[in-house]
Structures are given as C-alpha cells and as structure tokens.
Amino acid sequence: MQAIPILLLVGLAYVSPVFGKREISANGTFSNRQYYSSINVSNGGPWGTWTWIDMCPEHFYAMGYSVKMEEYGGASDDTALNGIRLFCIKINSTRIWGKIRITWCPTGFLTAFQLKVEVPQGILDDTAANNIKFRCSSGAVIEGTGGSFGDYGRWSNACTRVGICGIETKQDPYHNVFVDDTALNDARFFCCD
C-alpha cells in the first residue's frame with residue numbers, strides 16, 4: 001500500500017512519495033481536490049490564524065496520523081501539540097509496509113475527530129491543543145501520544161461517505177521569548193467521496 005504523508009506544522013508541509021517524485025511540498029499541492037463538507041469541533045484554542053488547506057491526492061483518504069509534540073518543560077513556555085500529519089492511503093489498498101510511529105485505523109478511514117484542549121490559563125503558561133483522537137469508519141477509536149493538559153471536547157460530525165481527505169489547522173506563530181506561545185490551537189478536516 002502506498003501511504004502518502006501530509007504534514008501540517010508551523011511553517012512546514014511535506015508529501016512523500018507521490019507520482020514517482022521523491023518529495024513534493026504539500027502547501028496547497030492538492031488543494032483543488034473537491035470535498036463535500038468540512039468537520040470541526042467547538043473547543044479549539046482562541047489564538048492564531050487558519051493556515052493553508054492540504055488535501056490527499058484524488059482517490060486517497062486518511063487512514064492514519066501522527067502528531068508533533070513539544071515535551072512538557074516545566075517552568076519554560078510549553079506549546080504541547082505542534083502539528084498533525086495525515087497518512088493518505090489509496091482506496092482499496094490492503095497493506096501497509098514498514099514501521100513508523102503512526103496511529104492507524106485497523107480497517108477503514110478516519111471519519112471524525114475529538115480535540116483535547118487546555119482552556120486559557122490567564123497569566124500562567126497556555127498550551128492550547130494537547131492531543132487528538134479519531135474515529136475510523138470501522139468504528140474503532142484511535143489516539144496517539146499527546147500532552148496531558150486540558151480536556152477532550154465533543155466529537156466532530158462524521159464524514160458520512162468515504163472519509164477524511166484533507167486538513168487545515170489554526171496556528172499561533174512564534175512570538176518571542178517574552179510572549180506565551182501556543183502553536184496548534186484548532187483543526188478542521190475535509191470529507192471527500
């Protein structure tokens with residue numbers, strides 16, 4: 001099975017391999033793919049701006065994901081969840097090769113999500129998004145290793161046809177050493193036929 005990772009981090013997006021090329025910048029590469037709806041949650045963090053949309057190639061859907069986390073630093077400025085990478089699989093594929101720290105649906109595709117977010121802490125350190133769970137079309141719920149702060153909100157609506165095929169995140173950019181940074185605050189996903 002050919003897995004195509006779509007990585008959306010602060011300032012970095014990457015897709016590899018696709019169409020025989022070793023790597024392609026994903027910043028909008030497949031953004032013209034048609035989707036029938038977007039799904040979101042109501043508990044996302046308040047900081048940052050929405051970034052670009054990244055989509056799986058045509059006939060590919062997200063079956064797995066990984067997260068980029070900043071480890072808890074104690075007295076330092078912590079950001080927790082910094083990025084979410086979707087792994088897009090061509091429909092009707094059956095095998096996944098190799099070992100990498102990816103959280104996969106046992107069968108089926110990602111269809112809904114739940115975001116773990118720390119509420120604003122006032123003058124204390126804010127982290128915003130700390131982790132994410134996905135529901136698979138098979139009914140399985142998968143969760144990677146994320147941060148310990150905050151609570152999960154309600155589940156998003158589900159993609160009712162095949163599954164998730166794209167992502168957009170709300171990112172708080174680096175400010176400076178004297179301003180509290182939160183990195184990833186919210187996410188929304190796109191549903192395709």
Side-chain angles (χ1 to χ4, degrees), residues 5-13 26 35-56 61-73 77-88 101-106 108-122 124-160 163-174 180-192:
I6 294 184
L7 171 63
L8 188 53
L9 299 173
V10 177
L12 174 66
Y35 59 91
Y36 67 86
S37 73
S38 64
I39 56 176
N40 54 37
V41 292
S42 60
N43 68 319
W47 301 283
T49 56
W50 289 98
T51 62
W52 59 89
I53 295 172
D54 274 328
M55 303 293 284
C56 301
Y61 300 88
M63 186 180 185
Y65 77 101
S66 63
V67 295
K68 180 172 176 61
M69 287 291 305
E70 178 188 39
E71 297 286 327
Y72 176 64
D77 181 17
D78 297 305
T79 59
L81 186 58
N82 280 244
I84 301 166
R85 176 185 289 178
L86 296 179
F87 287 85
C88 301
R101 290 187 176 198
I102 303 168
T103 305
W104 295 100
C105 286
F109 298 104
L110 306 177
T111 58
F113 76 104
Q114 202 177 22
L115 198 60
K116 184 178 186 180
V117 178
E118 179 186 48
V119 297
Q121 299 296 298
L124 301 176
D125 185 29
D126 295 300
T127 59
N130 270 253
N131 205 358
I132 191 166
K133 289 182 190 177
F134 285 94
R135 183 176 294 126
C136 305
S137 55
S138 64
V141 174
I142 57 175
E143 179 180 17
T145 304
S148 59
F149 298 108
D151 297 301
Y152 278 103
R154 294 178 182 232
W155 281 95
S156 70
N157 290 330
C159 295
T160 56
I164 291 173
C165 62
I167 183 174
E168 183 179 24
T169 60
K170 185 178 178 186
Q171 298 277 0
D172 181 32
Y174 174 74
D180 190 12
D181 297 308
T182 58
L184 199 145
N185 273 255
D186 202 353
R188 62 179 148 225
F189 296 89
F190 300 92
C191 304
C192 294

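Predicted model only: the values in this text are computed from it and were never measured.
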Q. Do the side chain of Gln114 and the main chain of Gly153 share a donor and acceptor less than 3.5 angstrom apart?
A. yes
(Q) Holding to side-chain hydrogen bond (donor to acceptor under 3.5 Å, both in side chains), I want the full list of residues that pass it with Tyr36, two or more places apart in sequence or in another chain. (A) none
Q. Are Ile39 and Ile164 side-chain neighbours, meaning at least one heavy-atom pair lies under 4.5 Å?
A. yes
Q.
I'd like to know if the side chain of Ser37 and the backbone of Cys191 have a donor-acceptor N/O pair within less than 3.5 Å.
A. no
Q. Would a distance-only check, ignoring hydrogens and angles, find a side-chain to backbone donor-acceptor pair under 3.5 Å from Asn185 to Ala128?
A. no
Q. Does Asn43 have any side-chain contact (heavy atoms from CB on, under 4.5 Å) partners at least two apart in sequence or in another chain, and if so, which?
A. Val41, Leu115, Val117
Q. Donor-acceptor pair, Asp186 side chain versus Leu184 backbone, under 3.5 Å?
A. no
Q: Answer yes or no for Cys88 and Cys56: SG-SG distance under 2.5 Å.
A: yes
Q | Shortest non-hydrogen contact from Gly108 toward Ser137 | A | CA-OG, 3.1 Å
Q) With distance as the sole test, does Asp172 use its side chain to make a donor-acceptor pair with the main-chain N or O of Thr182 at under 3.5 Å? A) yes
Q) So do Ile167 and Tyr65 actually touch side chain to side chain, heavy atoms under 4.5 Å? A) no
Q: Output all residues satisfying ring pair (Phe, Tyr, Trp, His ring centres under 6.0 Å) with Phe189, sequence neighbours left out; order by chain, then residue number.
A: Phe113, Phe134
Q: Determine whether more than 12 heavy atoms belonging to other residues, nucleotides or ligands lie under 6.0 Å from atom CG of Asn40.
A: yes
Q | Qualifying residues under side-chain contact (heavy atoms from CB on, under 4.5 Å), relative to Glu118, sequence neighbours excluded | A | Gln121, Thr127, Asn130, Phe149
**Q.** Asp54 CG to Cys165 SG distance, which is reported to the nearest 0.5 Å
**A.** 11.5 Å
Q | Tyr35 atom OH, neighbour heavy-atom count above 12 within 6.0 Å | A | no
Q.
The criterion is side-chain contact (heavy atoms from CB on, under 4.5 Å); which residues satisfy it with Ser38, sequence neighbours excluded?
A. Phe190
Q) Between the side chain of Lys116 and the main-chain N/O of Gly147, is any donor-acceptor distance below 3.5 Å? A) yes
Q: List for me each residue that meets salt bridge (charged side-chain N to carboxylate O under 4.0 Å, His left out) alongside Arg135, sequence neighbours excluded, and say none if there are none.
A: none
Q) If we only count heavy atoms from C-beta on, is the Met63 to Trp104 side-chain gap below 4.5 Å? A) yes
**Q.** Reported CD1-to-CG distance for the pair Ile102 and Leu86, which is rounded to 0.5 angstrom
**A.** 11.0 Å
Q: Quick one: pull up CD in Gln171 and CH2 in Trp50 and give me the separation to the nearest 0.5 Å.
A: 9.5 Å
Q) Say you draw a straight line from CD1 of Ile132 to CD1 of Ile84; how long is it, rounded to the nearest 0.5 Å? A) 4.0 Å
Q) Does any N or O in the side chain of Thr51 come within less than 3.5 Å of the main-chain N or O of Thr169, such that one atom is a donor and the other an acceptor? A) yes
